[in-house]
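Take a look at the structure below.
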Number of protein chains: 2
Amino acid sequence: MTASPLAEQIAQKLRRDILRGKLAPGDPIKERDNAVDLGVSRTPLREAVRILAKEGLVQLRPARSPIVADPSLKEVRDAVMVLKALEILSGELACREASDAEIAEIRDLSERHLALSETAEGDALIELFEIDMAFHTAIARASHNPALAETHAAYLARMWRQRYLSAVQRRARERVRTQHENIVRGLETRDPARVGTEIDAHLSALIVNLTRLFELRESGRDLTTNEKDIE
Amino acid sequence: MTASPLAEQIAQKLRRDILRGKLAPGDPIKERDNAVDLGVSRTPLREAVRILAKEGLVQLRPARSPIVADPSLKEVRDAVMVLKALEILSGELACREASDAEIAEIRDLSERHLALSETAEGDALIELFEIDMAFHTAIARASHNPALAETHAAYLARMWRQRYLSAVQRRARERVRTQHENIVRGLETRDPARVGTEIDAHLSALIVNLTRLFELRESGRDLTTNEKDIE
DNA sequence: CGTTTGAATCTGGTATACCAAAAAATTCTT
DNA sequence: AAGAATTTTTTGGTATACCAGATTCAAACG
């Protein structure tokens with residue numbers, strides 16, 4: 001028995017397609033078409049779509065094709081607020097619960113991020129970003145609260161694309177570097193209040209940056225929407 | 001087209017069965033058996049099980065029947081901590097975002113809870129408890145942050161049974177009444193700090209109470225496990 | 001030429017049939 | 001009689017076939 005990795009596998013593939021922009025917001029995800037494309041049956045693909053729907057990456061509509069979610073600014077801000085609360089809790093708990101090894105690992109991620117951040121361009125940006133995500137995920141796991149880590153991961157996944165667009169900017173990269181460093185320092189000194197403050201600052205800055213991105217998007221031509229629907 | 005209410009319908013039925021204790025923690029949920037019992041096919045039942053799994057009510061195991069989750073004390077405490085963070089955020093946001101009507105509705109729920117709390121016994125306890133849940137849900141919705149409300153609801157659902165066992169106790173009922181009142185006062189005066197503090201106290205007390213319940217359960221015979229497996 | 005109506009088609013929802021892996025039971029061996 | 005190996009059964013995973021609602025496009029009517 002294969003323990004149903006297939007649905008999860010498909011979900012993973014779709015997730016990447018969505019986040020990389022291959023599947024643009026608003027695009028329909030038709031059960032039949034995608035199933036034959038991937039060479040699988042509709043059943044597991046259907047299940048995969050449900051998984052993504054729970055994560056908020058796709059939107060189910062009654063009697064309609066599911067579509068790739070296209071969150072509004074408010075929705076993104078709402079999600080970041082929740083993420084912030086979750087991550088602050090993670091950081092505070094991590095101060096108490098994390099092992100030294102775990103904190104060392106977080107520092108390591110921070111430094112790898114630092115090293116890559118200055119030079120990265122093109123495809124390396126994706127790697128940079130994945131390290132960024134791993135950094136935050138590691139903090140959530142260091143809370144030793146699996147439920148928290150899981151929910152945190154779900155929110156992170158949901159906003160992957162938005163965060164990616166934000167993190168890629170040069171000016172944001174500078175800021176992220178120092179903020180990550182501050183968070184690590186707080187963890188190393190096991191200072192929950194400081195960690196909370198730093199994470200708060202970090203994610204508050206993210207909200208500001210995302211807001212700016214959305215405003216840019218509304219004026220000027222679009223960075224996130226693909227051009228295919230103009231064809 | 002029926003917009004797939006079937007799976008959701010089944011999930012709802014199973015959820016109630018689990019929470020009322022008809023399906024005890026550890027019980028397997030076999031696809032075939034339950035499907036024929038409910039007179040539906042395996043496909044929607046399977047989907048329903050996945051929904052409950054995402055909510056944390058059932059536990060999927062590779063190559064095994066899913067079983068009704070039987071959370072340990074640590075897991076419950078972990079979940080309540082997350083719930084607390086979510087609910088504090090809800091309360092703080094509600095102070096800023098909620099309409100007067102929404103706050104009035106929350107007060108109404110608090111008062112209905114109060115009225116029922118003193119006299120309720122037997123089946124009325126379920127109604128009492130549903131009002132309790134509605135109270136907390138209303139606060140989450142009053143945050144005007146749908147993502148937050150949804151995640152909060154998921155955590156609430158996950159711990160329905162534990163909270164039920166806690167809320168039914170006479171001594172807990174007394175405490176809950178005054179704490180609800182305090183939260184409402186904070187909302188009415190639009191005082192985020194106070195609301196945060198009160199919710200914190202409320203849920204911290206819940207953790208204490210749940211811990212006590214678990215200790216009781218470990219000594220003496222079991223209140224939550226049904227007796228069927230001794231047959 | 002515009003509007004309306006109906007049929008063809010596309011979509012997701014549901015049921016069922018089949019397969020492989022894991023548990024359980026039985027039997028064969030020692 | 002005890003243990004191990006094999007066979008049988010049970011379970012979930014996957015594919016496929018069928019159904020009903022919704023959309024859309026076209027033709028006919030005003």
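Lettering of chains follows the sequences in order, A, B, ..., and the numbering in each one begins at 1.
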Tell me, yes or no, whether the heavy-atom count around A:R16 atom CZ, taken from other residues, nucleotides or ligands under 6.0 Å, exceeds 12.
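12 or below, so no.
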
Rounded to the nearest Å, what distance is computed from the [atom1] atom of residue [X] to the [atom2] atom of nucleotide [N]?
| X | N | atom1 | atom2 | answer |
| --- | --- | --- | --- | --- |
| A:L60 | C:dG12 | CG | C1' | 11 Å |
| A:D33 | C:dC10 | CG | C1' | 10 Å |
| B:I51 | C:dG13 | CD1 | P | 11 Å |
| A:Q9 | D:dT14 | CD | P | 9 Å |
| B:Q59 | D:dG12 | CD | C1' | 16 Å |
| B:K30 | D:dG13 | NZ | P | 15 Å |
| A:E31 | C:dC10 | CD | P | 16 Å |
| A:E8 | D:dG12 | CD | C1' | 17 Å |

Which part of the nucleic acid, if any, lies within contact of B:L45, taking any heavy atom under 4.0 Å across all strands shown: a base, the sugar-phosphate backbone alone, or nothing?
nothing

Which part of the nucleic acid does A:I29 contact within heavy-atom distance under 4.0 Å: base, sugar-phosphate only, or nothing?
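If one applies the 4.0 Å heavy-atom cut-off, A:I29 turns out to touch the sugar-phosphate alone, with no base involved.
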
Apply salt bridge (charged side-chain N to carboxylate O under 4.0 Å, His left out) to A:D17 and list each qualifying residue two or more places apart in sequence or on a separate chain.
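A:D17 satisfies salt bridge (charged side-chain N to carboxylate O under 4.0 Å, His left out) with A:K13 only.
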
Residues that A:A104 engages under side chain to side chain contact (heavy atoms under 4.5 Å, CB included), provided they are two or more places apart:
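Scan of A:A104 (side chain to side chain contact (heavy atoms under 4.5 Å, CB included), adjacent residues dropped) gives none.
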
With A:E97 via side chain to side chain contact (heavy atoms under 4.5 Å, CB included) - residues at least two apart
A:H144

Only pairs at least two apart or in different chains count here, so list each salt bridge (Lys or Arg N to Asp or Glu O under 4.0 Å) that has a residue in residues 71-83 of chain B.
B:K74-B:D78

Does any N or O in the side chain of B:T151 come within less than 3.5 Å of the main-chain N or O of B:A147, such that one atom is a donor and the other an acceptor?
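The answer is yes, because a donor-acceptor pair under 3.5 Å joins these two groups.
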
Pairs: protein N or O with nucleotides 15-19 of chain D N or O, under 3.5 Å:
| unit_1 | atom_1 | unit_2 | atom_2 | d |
| --- | --- | --- | --- | --- |
| D:dA15 | OP2 | A:S41 | N | 2.9 |
| D:dA15 | N7 | A:T43 | OG1 | 2.9 |
| D:dT16 | O4 | A:T43 | OG1 | 3.3 |

Phosphate-side-chain proximity, A:S65 and C:dG12, N/O vs OP1/OP2 below 4.0 Å
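Affirmative; the distance criterion is met.
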
Extract all donor-acceptor atom pairs below 3.5 Å that involve side chains of residues 35-43 of chain B and protein atoms in other chains or at least two apart in sequence.
| unit_1 | atom_1 | unit_2 | atom_2 | d |
| --- | --- | --- | --- | --- |
| B:S41 | OG | B:T43 | N | 3.3 |
| B:R42 | NE | B:E31 | OE1 | 3.1 |
| B:R42 | NH2 | B:E31 | OE1 | 2.9 |

